[in-house]
Amino acid sequence: MPKQVDHGSRRRQIAEAVCQLADESGLEGVTLRDVAARAKVSMGAVQRCFGTKEEMLAFALSDIGERIAARVAARLVQSPAQSARSTLGHAVAEVSLLQEEHRAEARVWLAFMAQAAVSPALAEILRSNYTGLQTAFARLVADACDTPDPDRAARTLLALADGLTTHVLIGHLSPTAALDVLDAHLNHLWDERAR
């Protein structure tokens, strides 16, 4: 009897190999042959899971987005915040990928962002991820303070999160300094809305 393969599990295994290779040498270092070797599967298995390299990259990017979203949700459930303000702070800090244990994921995320500038498929995935985050952040901002434009505040927070990720990765800011910047921005947002 032929061995049954869990197709979803195999795709996630390959996506993890893509991320490991992208972390080591950027997306240009991701080849089907290297992905197969890293995932410990045959080239044929990779090709059965993904018709093209672009499809494989798109799945890997979606998988990263899902992992980040799941971590944000888990963090909020594990340590329930006292207010919409602290909930928003926790969520933005998690999305910023500032902690050491998320450094590899941050490098891979930024590699995908750079590739998305020339890949409509990857750009669409990122737009969808950011739209979902913006909606969630806008809802939290609206709950936390009386603001005429919670969408604008949410867009600003997303841009700040991405910028802080970059600054930490290149060593311009420490994670602690980046969190201080984020906290100062949130304090300014609440103070401005309290006036």
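When a residue number appears, it is its place in the shown sequence, counting from 1.
Checking side-chain atoms of Glu55 against main-chain N and O of Phe50 turns up no donor-acceptor pair under 3.5 Å. Looking only at distances, a side-chain donor or acceptor of Thr135 sits under 3.5 Å from a matching main-chain atom of Thr131. Side-chain atoms of Arg10 never come within 3.5 Å of backbone atoms of Cys49 as a donor-acceptor pair (strictly under, hydrogens ignored).
With salt bridges taken as basic N to acidic carboxylate O contacts below 4.0 Å, one links Arg71 and Glu105.
By the 4.5 Å heavy-atom criterion applied to side chains, Ile68 and Asn129 are not counted as neighbours. When side chains are defined from C-beta on, Trp109 counts as touching Leu61, because their heavy atoms get closer than 4.5 Å. In this structure, Ser119 and Glu54 have side chains that are in contact, with non-hydrogen atoms separated by less than 4.5 Å. Leu98 places none of its side-chain heavy atoms less than 4.5 Å from the side chain of Thr176. Residues Glu94 and His102 are in side-chain contact: their nearest non-hydrogen atoms beyond the backbone lie under 4.5 Å apart. Side chains of Ser42 and Arg48 form a contact here, defined as non-hydrogen atoms less than 4.5 Å apart. Looking only at side-chain heavy atoms (C-beta outward), Phe137 and Val92 come within less than 4.5 Å of each other. Residues Met56 and Thr52 have side chains not in contact (no heavy-atom distance under 4.5 Å, counting atoms from C-beta outward).
Closest non-hydrogen pair, Ala138 versus Ala154, comes out as N-CB, 3.5 Å.
Here Leu27 contributes atom CG and Asp23 contributes atom CG; the two are 11.0 Å apart, rounded to the nearest 0.5 Å.
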| side-chain contact (heavy atoms from CB on, under 4.5 Å) between Leu157 and Val141: does it pass, once the steps are laid out? | CA-CA 10 Å; Leu157 283 168; Val141 168; 4.2 Å; yes

(Q) One pair to check against side-chain contact (heavy atoms from CB on, under 4.5 Å): Asp162 and Val95. What are the steps and the verdict? (A) CA-CA 8 Å; Asp162 280 345; Val95 167; 5.6 Å; no

**Met113 and Leu110: CA distance, side-chain angles, deciding distance, side-chain contact (heavy atoms from CB on, under 4.5 Å) verdict** = CA-CA 5 Å; Met113 287 183 68; Leu110 289 178; 3.8 Å; yes

### Query
Does the pair Leu97 and Val168 meet the rule for a side-chain contact (heavy atoms from CB on, under 4.5 Å), with working shown?
CA-CA 9 Å; Leu97 302 172; Val168 169; over 6 Å; no

For a salt bridge (charged side-chain N to carboxylate O under 4.0 Å, His left out) check, start with the C-alpha distance between Arg67 and Asp63, then their side-chain angles and the critical distance, and finish with the verdict. CA-CA 6 Å; Arg67 285 189 307 210; Asp63 190 57; 3.8 Å; yes

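Paired with Arg38 under the rule side-chain contact (heavy atoms from CB on, under 4.5 Å), one option of Glu24, Gln13, Glu16 passes, and it is Glu24. Checking Leu164, Asp180, Thr156 one by one against His185, the side-chain contact (heavy atoms from CB on, under 4.5 Å) holds for a single residue, Thr156.
There is a side-chain donor-acceptor pair under 3.5 Å between Asp34 and Thr31.
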